[in-house]
Structures are given as structure tokens and as C-alpha cells.
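Everything below concerns the one structure shown next.
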Amino acid sequence: MASLAQHVAGLPCPPLSGASRRRPAAPRRPPSALVCGTYALTKEERERERMRQQFDEASERCRTAPMEGVAFSPEDLDTAVESTDIDTEIGSLIKGTVFMTTSNGAYIDIQSKSTAFLPLDEACLLDIDNVEDAGIRPGLVEEFMIIDENPSDETLILSLQAIQQELAWERCRQLQAEDVVATGKVIGGNKGGVVALVEGLKGFVPFSQVSSKSTAEELLGKELPLKFVEVDEEQGRLVLSNRKAMADSQAQLGIGSVVLGTVESLKPYGAFIDIGGINGLLHVSQISHDRVADISTVLQPGDTLKVMILSHDRERGRVSLSTKKLEPTPGDMIRNPKLVFEKADEMAQIFRQRIAQAEAMARADMLRFQPESGLTLSSEGILGPLSSDSPSEDSGEEPTDE
């Protein structure tokens, strides 16, 4: 008689208890793996079955009792968010992190349920094409000012420009109080004057406060030394003066000083020289000891040369210059301008010594008629006190031995 295993070997295996999905047929096992007509599961198959059952149970709980086992309700979550929310009042300062930039601005993470956006025109005091020109890139942590809120989606509108503007006005007030000379770049102009950019702010320089006779077109793009005349943040008025700044600079220029200059323009009567932001005139008669019939044969715009300060009018902002005084020999500016450049400081020293001697001789001549001054002139041309043992010329007395 065939064994029991042989009788049941061809019978189909019933499905596993609880199985609700069709599974691929298990491979046929040898008769030794059969136990009472049911396949024995391996350890891996039992583990997969257990995990499937847990997943089915979890899915059922999510469908029928989603809040079962949760420690707080949706209302509790809203309350917790509200308790950690930030101050979103207009004008408030808030710290945030840039997490995305676009062509129109940047999105800022402010650790709040509210969305925050920095528009392009609020990213900087200057006019820029994209926020990255102002150093705004993902990962940047900065303090922003809340300036508005979009009511449609409650997006907060932020600004860096507002903060920078406050700091710039404060800086200008400080510079005005300290009477400091600042540098401004001319970015525009009209019939009344030019507009200069100082500390990131646009200031107005009336033509009456410009030291040179240049037009707005000629000054466009140039940097000018400026002083603050009026700083009014409430009215948005920033008035500047180039003339006052130039007067301060000129006060530091002594007669006989040698400075480096650049030829700006030529006129029939002389050349205008830029000496570090100050506009000086090198008259045709002060170019050389020899007669100069045509200035363009000696100088050209853009030439660099050394010039001597002859005089300056602080009120009118005018400086008179000379290269004639720096010539080692008459006519060198025409024949050998390079030599004049190299010997300029040496010749200026000689010139100053001659001036000092001439002044000393003039004072000595005056003292001859004023013996009561008690001063005398040495053989080296130096003024000094009379020696105590020298007899007075006008005393009328002979020195006596005691």
C-alpha cells in the first residue's frame, strides 16, 4: 500500500490563513517538506507575513481612528505654533536665512509659519540687476526690516535697503558734525547742479558750490571731494559743497610746494591741471622761461607733470601753478620736460631757500631802522638776538671796565 504521503502528494495546498491577496505559487517542495498536507513556512517567510499583518492593521487604524494614540489634538498644534510665532509688525526687525533667490528677489526663512520675501528693489541702496550683486545668496543670515504684508497670502515683505538707509543718514550726520571731507561720485545733473552719491545716498551739489566751471556733462562719472551743508533725513534733503571741501584741501598747500598733477584741458591762456581733485591753472607765462607760442607743443591732455604752487585763492577755489620755477636751466620745459620732472623737488628746495633769504634780508633792512627790536642778522642771513656784551650803537656810551 502506498504511504500516506504518496496519497496526498498530488492534492492542492489550501491558502494561508488571513491571506487576502493573490501570491505567486510557491515552488513545489520535496515530499519530505510536507507536514499533514500543509507547506511548512521558512523563517524569512514568517517574518514577511508578520510585517504584512502589521501594515494592514496600521492602515486600518489610520482609516478608522487617525487620532488614536496621539498625545495632542490639531487644536493643540495650532496653539503651540501661535505661542512660538514672531513679531510681524511693520517696522520690526527680524533675523532670517536666505534659502532661494529669483530674478525678482529672494525668499527668506524666518522660522515662522509666515512666508517672507525680499524684493529686488529692497535689497540694496544701489541700483542692481539681481540680488546676488548685493551679496545675497542662499545660506546668508541677515537682519531684515518688515515693511509690508501681502494680504492675499499673508507673505511678509522684507527690506535691507531701509536698514542701510537709516545707517547711511546717521553716518552723514556724523560726518557733518565732525566737518569731514567725503568723496562722492557724480551720477547725474541738471541746470542747477549735479547729483552725487555719498555713503549710498543721493546728494545735490549746486553749481554755486562747485569749485570748477565744468558742466554737468563734464563732471559725470567723476569723484569730487565734498562737505555736508544740509543733512535732513525727514525731508530727504542732502546738500553738499565741493567748494568748501576744496578750500580745506588748498589750506594744506603751502606756497612753493611741489605736487603731482595731470593735464585736464588746454586753453589759449594756459593749461588746467588736476592736482588731487583740485583744479589749478598753469598760465602760459609760467610754463617756461622761454616763450611758448603754442601750448599744445609742450603739453597734452593726460600728461603727468610736477608743478609748483605759486598762490591759491581759498574763497574762489583757484590755484596758480608753475613749471617755470622748476627748470634747471631756462627753456628745459620745452627742450627736456623729463629733466624738469626729475629735478623738480631739488629746484623747489633751491627756490624756497632763495625766498627765505630774500625775506630775511628784507627783515634785516627793516631792523636797521628799528634797533630797539634787539635782533641782528648773522652772516648766514639768520635773525637772532643781540649778544649781551655788544655795545648799543645808539647808547652814546663807551663800555667801561669795573
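Every heavy atom of this structure was used, including side-chain atoms; hydrogens, water molecules and symmetry mates were not.
Remark: the D56 side chain and the Q54 side chain contain no N/O donor-acceptor pair separated by less than 3.5 Å. Residues Q53 and R50 have side chains that never bring a donor and an acceptor to within less than 3.5 angstrom of each other. Using modelled atom types, one finds a donor on one side chain and an acceptor on the other under 3.5 Å when comparing D294 with S296.
With hydrogens and angles ignored, the 3.5 Å screen pairs no side-chain donor or acceptor of E223 with any backbone N or O of G184. No donor-acceptor distance shorter than 3.5 angstrom exists from the side chain of E132 to the backbone of R137, with no hydrogens or angles considered. Put simply, the side chain of E199 never gets that close to the backbone of R171: no donor and acceptor are under 3.5 Å apart. In terms of modelled atom types and a separation under 3.5 Å, the side chain of D332 and the main chain of R335 share no donor-acceptor contact. With Q164 contributing its side chain and L125 its backbone, the two residues share a donor-acceptor pair below 3.5 Å.
In this structure, the separation between CG on D345 and CD on E342 is 11.5 Å, given to the nearest 0.5 Å. In this structure, CD1 in I157 is found 10.5 Å from CD1 in I146, a value given to the nearest 0.5 Å. Summarising the geometry, atom CG belonging to L238 is positioned 5.0 Å from atom SG belonging to C172; distances are rounded to the nearest 0.5 Å. Here the CG atom belonging to L156 is positioned 11.5 Å from the CD1 atom belonging to I108, to the nearest 0.5 angstrom. For the atom pair K325 NZ and Q286 CD, the distance stands at 5.5 Å (nearest 0.5 Å). Between atom NZ of residue K343 and atom CG of residue L326 there is a gap of 13.0 Å, rounded to the nearest 0.5 Å.
Taking both residues in full, the closest heavy atoms of I295 and Y269 are given as CD1-C, 4.1 Å, listed atom of the first, atom of the second, then distance. Across every non-hydrogen atom of K306 and A344, the tightest pair is CD-CB, 3.6 Å. Scanning all heavy atoms of the two residues, the minimum distance from E45 to T42 falls at OE1-N, 3.1 Å. For the pair P138 and T101, the tightest heavy-atom approach, listed with the atom from each and the gap, is CD-CG2, 4.0 Å. Residues I136 and A123 share a closest heavy-atom pair of CD1-CB, 3.6 Å. The shortest heavy-atom contact between P225 and V181 is CB-CG1, 3.9 Å.
E327 is listed as a side-chain neighbour of S288, based on a closest heavy-atom distance under 4.5 Å. In this structure, the side chains of V194 and N242 stay at 4.5 Å or more apart for every pair of heavy atoms. With a 4.5 Å cut-off on side-chain heavy atoms, N104 and L120 do not count as touching. With contacts defined as side-chain heavy-atom distances shorter than 4.5 Å, the pair F55/S59 qualifies. Residues V319 and L281 form no side-chain contact, since every pair of their non-hydrogen atoms from C-beta on lies 4.5 Å or further apart. Counting heavy atoms from C-beta outward, E122 and L158 have side chains that stay 4.5 Å or more apart. Between P328 and V340 there is a side-chain heavy-atom pair separated by less than 4.5 Å.
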Exercise. Can you check side chain to side chain contact (heavy atoms under 4.5 Å, CB included) on E230 and Q235, steps first, answer last?
Worked result: CA-CA 11 Å; E230 183 179 358; Q235 300 296 326; over 6 Å; no
For this session: Before giving the answer on side chain to side chain donor-acceptor pair (under 3.5 Å), spell out for R173 and Q176 the whole-Å C-alpha distance, their side-chain angles and the decisive distance to 0.1 Å.
Result: CA-CA 5 Å; R173 285 191 293 268; Q176 182 188 33; over 6 Å; no
For this session: Go through R46 and E49 one step at a time and tell me if the salt bridge (charged side-chain N to carboxylate O under 4.0 Å, His left out) criterion holds.
Result: CA-CA 5 Å; R46 287 197 301 272; E49 180 65 18; over 6 Å; no
For this session: List the steps, then state whether side chain to side chain contact (heavy atoms under 4.5 Å, CB included) holds for L299 with M333.
Result: CA-CA 10 Å; L299 301 172; M333 263 306 286; 4.2 Å; yes
For this session: Could you check V198 against F228 for side chain to side chain contact (heavy atoms under 4.5 Å, CB included), going step by step and ending with a plain yes or no?
Result: CA-CA 10 Å; V198 182; F228 296 87; 3.7 Å; yes
For this session: Determine, stepwise, if the pair L126 / L197 fulfils side chain to side chain contact (heavy atoms under 4.5 Å, CB included).
Result: CA-CA 9 Å; L126 305 177; L197 199 63; 3.6 Å; yes
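Residue E154 places its CD atom among 12 or fewer non-hydrogen atoms of other residues, nucleotides or ligands, all under 6.0 Å distant. More than 12 heavy atoms of other residues, nucleotides or ligands sit less than 6.0 Å from atom CG of N190.
Among V205, L240, I187, the one residue that satisfies the side chain to side chain contact (heavy atoms under 4.5 Å, CB included) test with V195 is I187. Results of the side chain to side chain contact (heavy atoms under 4.5 Å, CB included) test with E142 over L118, V98, L160 single out L160 as the only residue that passes. Of the options L220, T215, L219, a side chain to side chain contact (heavy atoms under 4.5 Å, CB included) to E217 is made by T215 and by none of the others. The only option from L305, L266, I287, T323 that meets the side chain to side chain contact (heavy atoms under 4.5 Å, CB included) definition with V298 turns out to be I287.
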